[in-house]
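Excluded from the calculations below are hydrogen atoms, water molecules and symmetry mates; all remaining heavy atoms, backbone and side chain alike, are included.
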Amino acid sequence: MSAPGDNYQRALDRFLREHPDVAAELDSLNPLAAQARGESLAQYRTELLYQAFEAQAEREGLFAWELTLKLTTESSAAFEAERLEVHKEVAQMAGMSWADYCQLHDLSG
């Protein structure tokens, strides 16, 4: 299994391949805009990429980590299985019953 950071980078790479409009926008950023924010062009680009990725996750009704998982698993079934497993771990860490957690996050568990 890949490290979490590796999966996130793979998800970002796939996201850019699947959203060429976002990639084109990021590739044509004005360096002066980055400078005005006190950032390098690379830092500015990275921040905008993260924002676009999170916005996509929100449009799909997912957390960013779920979109990462969706873009890096081999199938829809694998995504759903891994997603539920992580949610179960979070519920357990939060000290919530699985039923309450599912209701809170609109999950069918």
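Under a 3.5 Å cut-off, the side chain of His19 and the backbone N or O of Phe15 do form a donor-acceptor pair.
Distance CG/Asp13 to CD/Glu18: 11.5 Å, rounded to 0.5 Å. How far CZ of Arg83 is from CG of Leu62: 6.0 Å, rounded to the nearest 0.5 Å. Taking CG from Leu104 and CE from Met96, the interatomic distance works out to 5.0 Å, rounded to the nearest 0.5 Å. Once rounded to the nearest 0.5 Å, the distance linking CG of Leu69 with CG of Asn7 reads 8.0 Å. Between Leu12 atom CG and Arg17 atom CZ the span is 11.0 Å, to the nearest 0.5 Å. In this structure, CD in Glu25 is found 11.0 Å from CG in Leu49, a value given to the nearest 0.5 Å.
Salt-bridge annotation for Arg37 and Glu47: absent, with no side-chain N of the basic residue lying under 4.0 Å from a carboxylate O of the acidic one.
Side-chain heavy atoms closer than 4.5 Å link hydrophobic residues (I, L, V, M, F, W, Y) into clusters, and following such links, even through other members, never connects Leu32 to Leu26.
Across all non-hydrogen atoms, the minimal contact from Ala34 to Ser40 is CB-O, 3.7 Å. Closest approach of Thr73 to Phe79, counting heavy atoms only: OG1-CB, 3.3 Å. For the pair His87 and Phe63, the tightest heavy-atom approach, listed with the atom from each and the gap, is CE1-CE1, 3.9 Å.
Between Gln35 and Leu41 the shortest side-chain heavy-atom distance does not fall below 4.5 Å.
The aromatic rings of Tyr101 and His105 lie tilted to each other, with the angle between the two planes from 30° to 60°.
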